[in-house]
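Following: one structure in structure tokens, then a few remarks.
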Amino acid sequence: MPELPEVETIRRQLEPEVRGRRITAARVLDERWSRPVPPAQVERAITGLRIEGVRRRGKYLILVLEGGRNLVMHLRMTGNLLLRPADVDPAHEDEALDLIEARRLGHPRLYESHPEARHLRALIELDDGSELWFTDVRRFGHGVVLDGEELDAYFAARLGVEPLDGGLTADELLRLAEGRAAPLKSFLMDQRGIAGIGNIYADEALFRAELHPLSPAGSMRREHCEALVEGIVGALEAGLANGGSSIDDYRDARGERGRMQEEFLVHTREGQECGRCGETIRRIVVGGRSTYFCPGCQVRLRRRPRRRRARART
DNA sequence: TTGGCGTCCTGGAGGC
DNA sequence: TGCCTCCAGGACGCCA
């Protein structure tokens with residue numbers, strides 16, 4: 001599942017390749033991708049514009065276009081953004097002419113030469129002949145075009161602090177968690193608090209911090225917050241260093257698998273021995289999501305009584 | 001205001 | 001072999 005490390009890996013690969021390139025054509029093949037905005041409107045809004053950079057915010061990937069316009073994309077669960085260089089396939093030019101039409105008609109030979117085209121949802125052609133393919137098996141991913149102030153408002157309503165830019169401190173975490181009864185696992189996955197953490201890195205961060213996923217978020221003391229900040233940053237940086245994790249569908253911009261799944265400390269390791277204390281790693285469901293933890297060394301905190309507010313003196 | 005749950009969506013695994 | 005059911009999960013809407 002693309003979380004912060006996966007999206008950042010794609011961003012770092014795309015940035016040097018597409019910065020300065022001009023979008024010569026855009027095709028939205030699945031109306032769900034841009035819903036509720038009609039595909040043609042999105043295509044018109046970005047065609048002809050130069051790409052000034054590639055940014056990331058939480059799990060969102062942003063093509064920064066000239067004139068203050070932005071194409072904001074979210075990969076959700078099975079989305080991939082693939083960069084197909086112009087010289088990858090000498091025969092591609094002829095095939096590209098027919099790719100969209102062949103796909104529309106369900107041409108049987110199309111998927112032999114382009115298996116990823118089966119789930120192609122949007123396609124952006126660049127002026128050097130390269131293409132960006134947004135593919136997505138489960139069709140949860142989407143794209144939206146936003147201008148400057150709209151972009152700020154869009155993220156302000158959805159995303160909290162960025163964990164890797166120094167904004168996440170123990171004090172900030174303590175403030176975010178205060179009074180919250182939600183389990184730590186759910187708390188970490190709430191993008192309005194901390195942006196970019198999903199199911200995988202929430203498990204890994206809590207293991208590193210030695211905190212039980214069912215502990216109420218508001219039960220943390222300062223020392224727990226310090227450990228959790230360290231756990232979050234450590235887990236995300238490990239993901240980045242390994243090119244992200246590929247449990248199912250994730251591929252980077254070059255179509256390569258990540259290696260982080262080989263480095264998981266608890267996630268998907270049910271029944272295996274904990275590398276820290278030797279206890280058997282367990283799987284439970286928290287908030288409808290599979291959650292892996294070590295019952296031996298991840299401490300379950302008790303809910304702290306809410307501090308009484310001082311009565312206003314009259 | 002907060003937390004929990006259902007929904008969207010598809011491919012793969014497992015059961016019969 | 002073929003059909004059916006269940007499961008996976010990010011974000012969002014709805015309800016208690």
- [ ] Report yes if a side-chain nitrogen or oxygen of A/Gln191 is closer than 4.0 Å to either non-bridging phosphate oxygen (OP1 or OP2) of C/dA11; otherwise report no.
- [x] yes

Open item on the list: Could you tell me if A/Arg55 sits above the aromatic ring of A/Tyr60, with its cationic atom closer than 6.0 Å to the ring centre and no more than 45 degrees from the axis?
Closed with: no

TODO: Quick one: label A/Pro183 by what it contacts on the DNA or RNA (base, sugar-phosphate, nothing), any heavy atom closer than 4.0 Å.
DONE: sugar-phosphate

- [ ] For C/dC7, take OP1 and OP2 only and decide whether either is under 4.0 Å from a side-chain N or O of A/Ser290.
- [x] no

Task: Interatomic distance, A/Arg138 CZ vs C/dC7 P [rounded to whole Å] - done: 14 Å

Open item on the list: For B/dG3 and A/Arg180 - does any side-chain N or O of the residue sit under 4.0 Å from the phosphate oxygens OP1/OP2?
Closed with: yes

Open item on the list: Nearest whole Å is fine: how far is B/dT10 P from A/Phe140 CZ?
Closed with: 8 Å

Open item on the list: Distance check needed: B/dG3 C1' versus A/Met189 CE, whole Å only.
Closed with: 14 Å

Task: A/Glu178 CD to B/dT1 C1', straight-line distance once rounded to whole Å - done: 15 Å

Task: Shortest side-chain distance from A/Ala181, nucleotide among C/dG9, C/dG10, B/dG3 - done: B/dG3

- [ ] Taking atom CD of A/Glu149 as the centre, report whether more than 12 heavy atoms of other residues, nucleotides or ligands fall under 6.0 Å from it.
- [x] no

Open item on the list: Without decimals, in angstroms, what is the distance between A/Lys185 NZ and C/dG10 C1'?
Closed with: 12 Å

Task: Nucleotide nearest A/Val137 when distance is taken to its side chain, options B/dG4, B/dT10, C/dA8 - done: B/dT10

TODO: Just do the side-chain contact (heavy atoms from CB on, under 4.5 Å) check on A/Arg57 and A/Leu159 with the steps written out, would you?
DONE: CA-CA 8 Å; A/Arg57 179 77 170 91; A/Leu159 301 177; 3.4 Å; yes

Task: Cationic tip of A/Arg139 above A/Trp33 ring, under 6.0 Å, 45° of axis - done: no

Open item on the list: Please report the distance, rounded to the nearest Å, between CG in A/Leu188 and C1' in C/dG10.
Closed with: 15 Å

Open item on the list: Among residues at least two apart in sequence or on other chains, which ones pass salt bridge (charged side-chain N to carboxylate O under 4.0 Å, His left out) with A/Glu226?
Closed with: A/Arg222

TODO: Rounded off to whole Å, could you give me the CE-to-C1' distance for the A/Met77 and C/dA11 pair?
DONE: 11 Å

- [ ] Answer yes or no: does a side-chain N or O of A/His74 lie under 4.0 Å from OP1 or OP2 of C/dA11?
- [x] yes

Open item on the list: What is the separation between atom CD on A/Glu3 and atom P on C/dA11, rounded to the nearest whole Å?
Closed with: 9 Å

Polar atoms only, N or O, under 3.5 Å: list the protein pairs with nucleotides 12-15 of chain C and their distances.
| from | atom 1 | to | atom 2 | distance (Å) |
| --- | --- | --- | --- | --- |
| C/dC12 | OP1 | A/Arg158 | NE | 2.9 |

Open item on the list: For A/Gln272, I'd like to know if atom CD has over 12 heavy atoms of other residues, nucleotides or ligands within 6.0 Å.
Closed with: yes

